[in-house]
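As structure tokens, the structure follows; a few thoughts come after it.
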Amino acid sequence: MTHSMSDHTAEQPATPGDPEGIDPSVLDELTRLRDSIDNIDAAVVHMLAERFKCTQQVGHLKAAHRLPPADPAREARQITRLRQLAESAKLDPGFAEKLLNFVIAEVIRHHETIARSDNGPNGPNGPNGPKGPEGAPR
């Protein structure tokens, strides 16, 4: 008995990325769910951008007042708080902590960069900057 090409493909399961042979209602649901995921991803990126706008302001404030870029006590409080929020949201607290630690590391890196630029010799708070020594106006 010989099989035509169409007979052969009809017996094979659909491969990932190949919608042929998948029930159209399943494809519709998959598309709907993926569209929701894409919208959530966009919202997460926009929320992170807003968060980093605030932390940039914190970085400039810390630099202007010669405060350290990192605040371990606040970071510990934030981790505890985020773990509790994750638990109540039925999200793995360990994952939430890892995510926050990643964000905190990036914030500290930004704060260090801001401190170098704001307090460098020619930065606004540096000795050759517009405010001169100790941030006093020249």
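Everything quoted here is computed from the prediction, not taken from an experiment.
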Which distance, rounded to the nearest 0.5 Å, do you find between the [atom1] of [X] and the [atom2] of [Y]?
X: Leu100; Y: Thr80; atom1: CG; atom2: OG1; answer: 10.0 Å
X: Asn39; Y: Arg34; atom1: CG; atom2: CZ; answer: 14.5 Å
X: Leu91; Y: Arg83; atom1: CG; atom2: CZ; answer: 10.5 Å
X: Asp41; Y: Ser36; atom1: CG; atom2: OG; answer: 11.0 Å
X: Leu33; Y: Asp28; atom1: CG; atom2: CG; answer: 11.0 Å

### Query
When you check the gap from the basic side-chain N to the acidic O, do Arg32 and Glu29 get nearer than 4.0 Å?
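Yes, this pair counts.
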
Within the 4.5 Å heavy-atom criterion, are [X] and [Y] side-chain neighbours or not?
X: Arg51; Y: Val107; result: yes
X: Gln78; Y: Leu82; result: no
X: Ile108; Y: Glu75; result: yes

### Query
Could you go step by step and tell me if Lys62 and Ile114 meet the side chain to side chain contact (heavy atoms under 4.5 Å, CB included) rule?
CA-CA 9 Å; Lys62 285 181 171 185; Ile114 291 167; over 6 Å; no

I'd like to know if [Y] and [X] are part of one continuous hydrophobic network [Ile/Leu/Val/Met/Phe/Trp/Tyr, side-chain heavy atoms within less than 4.5 Å].
X: Phe102; Y: Met47; answer: no
X: Val58; Y: Leu67; answer: no
X: Val103; Y: Ile40; answer: yes

#### Entry: Nearest atoms (heavy-atom pairs only) where Ala115 meets Ala63
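Nearest pair, atom of Ala115 first, then Ala63: CA-CB, 3.9 Å.
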
### Query
Does a side chain donor of either Glu106 or His110 reach within less than 3.5 Å of an acceptor in the other side chain?
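Side chains of Glu106 and His110: pair found under 3.5 Å.
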
### Message
So does Thr55 get a backbone contact from the side chain of His111, meaning a donor-acceptor N/O pair under 3.5 Å?
### Response
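Confirmed, His111 side chain pairs with Thr55 backbone.
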
### Message
Using the rule given for side chain to side chain contact (heavy atoms under 4.5 Å, CB included), can you reason through Arg81 versus Leu85, listing the C-alpha separation, both sets of side-chain angles and the distance that settles it, and then say yes or no?
### Response
CA-CA 6 Å; Arg81 180 177 159 272; Leu85 287 170; 4.0 Å; yes

### Task
Begin from the C-alpha positions of Glu50 and Lys53 and carry the test salt bridge (Lys or Arg N to Asp or Glu O under 4.0 Å) through to its verdict.
CA-CA 5 Å; Glu50 285 300 311; Lys53 285 178 189 173; 3.1 Å; yes

